[in-house]
Every structure is written in C-alpha cells, then in structure tokens.
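Small disclaimer: the values here were computed from a predicted structure and weren't measured. The figures here come from the full heavy-atom set of this structure, side chains too, leaving out hydrogens, waters and symmetry mates. Reminder, nothing fancy here: chain letters follow the sequence lines and each chain counts from 1.
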2 protein chains.
Amino acid sequence: MKKKDRQQKVVDEVSINRQVSSSFLSEKLNVSEDTIRRDIKELDKKGLLTKVHGGAISTMQKLYHYNEDVIYKREEKVLIAKKAITLVEDGMVIIMSGGTTNLMLAKLLPKNLKATIYTYSLPIAMQLAEHPTVETIFIGGRIQRNSMVTTGIDVIQYLSNITANLCFIGVSGFSLEQGITGEGYEVALVKKAMISSSERNVYLSTSNKLNIRLNYDICSLKEIDIAITDLDVQDPILKPYVDAGVMLI
Amino acid sequence: MKKKDRQQKVVDEVSINRQVSSSFLSEKLNVSEDTIRRDIKELDKKGLLTKVHGGAISTMQKLYHYNEDVIYKREEKVLIAKKAITLVEDGMVIIMSGGTTNLMLAKLLPKNLKATIYTYSLPIAMQLAEHPTVETIFIGGRIQRNSMVTTGIDVIQYLSNITANLCFIGVSGFSLEQGITGEGYEVALVKKAMISSSERNVYLSTSNKLNIRLNYDICSLKEIDIAITDLDVQDPILKPYVDAGVMLI
DNA sequence: AAATATATTGCAATTTTTTGCAGTTTTTTT
DNA sequence: AAAAAAACTGCAAAAAATTGCAATATATTT
C-alpha cells in the first residue's frame, strides 16, 4: 500500500476510535511499528492527530496547512516579528492588519501571552486561533477576495468603538516623500481607521518596500510612532529615514 | 539541488520578476526546461504562481493549503453537498454555519453562482473567498479556538438584522427524540439565531450523526424544513424520520 | 530499583519519485 | 498556411524517500 493511502487510513482509524496504539495499527495495516511511528509523527506535525505515548489520539483536525516555507523574504519577516514582539505585553489590546509579516508575528507570539487581538484578516485570525491564551476578535464585514480581509463601513465603524494599546500595520509602500502608502483604496481606509483607534502604531516593513510609493496614502512620515524593518538601524539605507525623525527599530 | 529548494527559488524568482520564462529559470537553476515546466505545473496547482504559455507570472499566493484528502467521510460529504447545491439559486442571500460538510458545499458551489453568503466560520470564509462571483460576508466577533467560528452577542445581534433566503446548518447530532442537537452551548445559540434569520433551513447530516443526541438543543424535528443525508431517501435507516414527517433529500 | 514497553537513531535494502531525453502534439508567431 | 516555439507523454536512468531491523535510550509499570 502507498504511504499516502496508509496515512489516510491511520487518520480514519483515529477518527473512528478516538485513540489507537501503534501496535494495533501496525497489525491492522500490515506494516512495522516503526513505520506507524513515523506516520504518527508526521501526521501530528501536520495537525491531523495528536501523538501520545504508545499511539495517537483524535484531535481537532487542522483542515488548512500553512505554507510558510514559500513566504517571500521569510527570514526577514521572522526578524521583524521578533523585534515587534519586544513591544507586546500581557493585558494589551492589540490591532493587527493583514499581510505575511503580520502573519509571521501572529505565529511567533509567546505561547503564554495574554492579550486581546483584533484583526480583519482571515489568515491572521486562523493563525491566532491556534494560540492557547490570546483572545482573538474578528472584525466582520465583506471579504475582499484577493487580500482575504474585510473592508467597508462596518469595519471602520466597529474600529471607531475601540481604543487599542498597540497596532501593527503591515506595510506595502514606505518612502520619504509620502510616508506609508498602500495599494487598495478600501484597505487604505481601514488601515487609517486602525491607526486612529490605537494609542501607538507600529509599521512592519521589509526592506524591499522602502523607497516605494504606492497609490493611496495611509500615514505621513511624521505620524509614524515606530517603524520596524529587517535592516540594522545603522544601515545606510535607513539613514535618510532616521534623519527625517522616524523612530526605527 | 533538492526539488523542494529549487521550487522555493522558482517561487522567489516569480515574486521578484513578476513574470519569468521556463528557459530563463532553466538556465538560472541549471536544470532542464522540462523539470521547470513540471515545477511550474505543480506550483500553479498549489496556488503559489500562475502558469502561462512559456513560463509563469506572479499571483496572490495561497498561504494555506486545504487538506481535503483527510476529511473523515469525505465522499459522503461530497454527496450531501451536491444535493444541497440543487437548492441554491442566483441572487439568493445564504447563511452557512461551520463544519466540514459545509466546507465541501462551499468548495463545490458552481463557479458562476451569484449569491451573497454570510458565515461565521473561518475555514468556510477562506474557501468562499476563492469563489469568483460569490460575495462573502463574515460575521465578526470573538473567535472560538476549537471550532474556528465566532460566537457571542455580537454575532447573534448581527444575525437578527438579516433575513436569508436559505440557511445551511452543519449537524453534529440528529435524533427522533430531540431533533437537531449540538455540542457547544455558544455555538448552539448562534445556530438558533441563524435559523431564526432564515426563510428556509437546510440541515446537512452525514449518516454517522443519525440517532445521536448531544447536549444542546438546536431545532426540533417538526421545525426542520429540509434535511440532507448521504443516504438514499428509501434507506430503512431513514424510514422513522420520514414517518415522523421530516422532509428529506 | 528493576523490569518491561515504547521511542529514537543509524544503516542497508527496497520502493518510489524525479529527471532528462526523444518523439509527438499543440499553440503561437510570422 | 507554414514555421517556430512550447507543451506533453512515455521511458529508462538516477536520485530520493521509505521501510524494516538492530542497537541504544527513554518512559512507564511493577
């Protein structure tokens, strides 16, 4: 039997029986216990069952598998996320916009962090839902297909009733002339509303977004509380921004 | 170079250049054009780039991969979804609860269907967001970790402002004595609100949920507009339900 | 603490997947 | 319509992954 078919049967058996042992599966599927142990290890990693001593138990299955490997400039985003985490404290109310840098931040939050996080992005919410102690609140509204976020007056109105301690904005365009800019008009409106509803705003920008001007204004240079990039603060590329008064990490 | 690493570079090159040719990648990565063509074909299928004649172009990347293969009783859910689709018409306002049967329904909706669909489930919303012509509205609120749905007074209040033509409810327990029942109190409350906000309610139940009574009432037998199972309507297992007056497909 | 059960690691044999190529088909360009 | 470019299929060789086993380590039971 093919590995894939066998693993399917492993998952089915665990769904039916709630708990199975490696030796039971080994006999049932006619392969060695070591093969079953490897299967269980791999399926646990994929979130399809939970490995326990001697076998596996049923789990809330993760229907979606997070293709993190293919995120463009993944290492840079990990670096930015780690810098951003230093600003997060227990008890905070946080707003998060969308994008893959924020997704990485959501993934890397400390597993004991107790905070409330508002977001309008489906992938961010999916990721935050896996966090054991963060309370995730999704801002409802019409889903914009390409960006997987909600937009519209419902979102902006909802945001006007919140005051967040901290807000993380994923950045698409960042330039000296224009400050933070973005691509979609409706997303720009929502990001502006997020910014207005927060005490402190943090802009997450990979270096390839620097010196890029897009079509819609989000925030001027002077209004930036903190900006985080993957570059070292002493990097010459950042010097004009530092000289212009931007608080950079 | 390993296949996985090579494909990572393919995705990166497409992200950088927006458009690349097979011959360009073949030279750059030092493999044959046929290998690149196979890579591009596979990555397009995964939603990480778009294959075009002569090469590939950048696309909005699907960060999440949908593990459909491992859905328990997948074929039965496909059957139920196909039955449910016959009730759907252009111009309808629809409400969808959560669960893997509804997920299958969301996936199999006709690609030219023009409807508005409300949902409180993150996976359902992710799936619907891929539909080219369906308008998806997410009902915001606090995310419940295990079930990946929103619950709370916000959701119920929002639902009270809607009248949907049709509502699809995923079923966990279905019995003669108790009708439709569920596991979580908060989810049961929301499902009740969904039912109240809809002209017609359709209950999607795999056969393994029949003759199961769970802790929280959702809907009595008499109140069921339509129930869909994977069984043939003439199946003896369904006879008591038919005799009790349940409208079954 | 000792015995038993389970898990992990390294390795060789086996199985499966991937690759490059040739021939053919399809699509695009001239 | 014809020529050129690109795509697809089948196949054999090469590469990679998987499997079962033995030895060792760790966890659980007695």
Side-chain angles (χ1 to χ4, degrees), chain A residues 1-59 61-62 65-71 74 111 132, chain B residues 1-59 61-62 65-70 74 111:
Chain A
M1 179 188 342
K2 282 200 169 196
K3 175 184 176 183
K4 193 175 184 182
D5 295 331
R6 188 185 64 242
Q7 291 196 343
Q8 175 66 65
K9 287 183 193 293
V10 170
V11 172
D12 282 352
E13 286 293 331
V14 174
S15 288
I16 294 172
N17 297 305
R18 296 295 186 193
Q19 171 178 22
V20 295
S21 70
S22 301
S23 59
F24 165 77
L25 288 173
S26 163
E27 278 192 48
K28 193 172 178 83
L29 302 182
N30 215 20
V31 289
S32 80
E33 270 196 61
D34 274 352
T35 297
I36 294 297
R37 286 197 224 287
R38 287 183 177 116
D39 280 346
I40 288 176
K41 186 173 182 179
E42 189 173 327
L43 294 167
D44 178 292
K45 197 170 180 184
K46 283 177 176 174
L48 300 175
L49 50 71
T50 298
K51 182 171 107 82
V52 295
H53 198 78
I57 59 174
S58 188
T59 190
Q61 285 179 2
K62 289 171 68 176
H65 174 68
Y66 173 44
N67 282 326
E68 184 188 321
D69 289 343
V70 298
I71 287 183
R74 177 188 172 281
K111 291 295 175 279
Chain B
M1 185 187 341
K2 282 197 167 198
K3 174 183 176 182
K4 196 173 180 182
D5 294 333
R6 189 184 64 241
Q7 292 196 343
Q8 174 67 67
K9 287 181 192 293
V10 170
V11 173
D12 283 353
E13 286 294 332
V14 173
S15 289
I16 293 171
N17 297 305
R18 296 295 187 194
Q19 170 177 21
V20 295
S21 70
S22 303
S23 59
F24 166 75
L25 288 173
S26 163
E27 279 192 46
K28 194 174 180 77
L29 302 182
N30 215 17
V31 289
S32 79
E33 273 196 57
D34 275 354
T35 296
I36 294 298
R37 288 197 223 287
R38 289 181 175 117
D39 280 347
I40 287 177
K41 186 173 181 178
E42 188 172 329
L43 294 167
D44 178 292
K45 199 171 180 182
K46 283 177 174 171
L48 300 175
L49 49 73
T50 298
K51 180 169 107 81
V52 294
H53 198 78
I57 58 174
S58 189
T59 192
Q61 286 179 1
K62 288 170 71 176
H65 175 66
Y66 171 45
N67 282 325
E68 184 188 321
D69 288 342
V70 297
R74 177 188 172 280
K111 291 296 175 275

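Atom CG of B/L43 and atom C1' of C/dT18 are 15 Å apart (whole Å). One atom, CD of B/Q7, and another, P of C/dT19, lie 8 Å apart when rounded to the nearest Å. In this structure, B/I40 atom CD1 and D/dA6 atom P are separated by 12 Å, rounded to whole Å. Note: NZ (A/K41) to C1' (C/dT6) measures 14 Å, nearest angstrom.
Listed by first and then second residue, the salt bridge (charged side-chain N to carboxylate O under 4.0 Å, His left out) pairs that reach into residues 20-36 of chain A are A/E13-A/K28, A/E33-A/R37, A/D34-A/R37, sequence neighbours excluded.
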Can you give one letter per nucleotide of nucleotides 12-23 of chain D, 5' to 3': B if a protein heavy atom sits under 4.0 Å from the base, S if only from the sugar-phosphate, - if neither?
-----SSBBBB-

For nucleotides 25-30 of chain C, read 5' to 3', which letter fits each nucleotide if B means a protein heavy atom sits under 4.0 Å from the base, S means only the sugar-phosphate is that close, and - means neither?
--SS--

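Atom NZ of B/K111 has more than 12 heavy atoms from other residues, nucleotides or ligands within 6.0 Å. Heavy atoms from other residues, nucleotides or ligands lying under 6.0 Å from CG of A/D5 number more than 12.
In terms of heavy atoms, B/S32 sits closest to B/S26 at C-OG, 3.7 Å. In terms of heavy-atom proximity, B/S22 sits nearest to B/I40 at OG-CD1, 4.0 Å.
For the OP1/OP2 pair of C/dT15 and a distance below 4.0 Å, the side-chain nitrogens and oxygens of A/K4 include no atom meeting the criterion.
Put simply, the side chain of B/E42 reaches to within 4.5 Å of the side chain of B/K3, judged on heavy atoms.
Between the CZ atom of A/R6 and the CG atom of A/N30 there is a distance of 11.0 Å, given to the nearest 0.5 Å.
When atom types are taken as modelled, the side chain of A/T50 and the backbone of A/S58 share no donor-acceptor pair closer than 3.5 angstrom.
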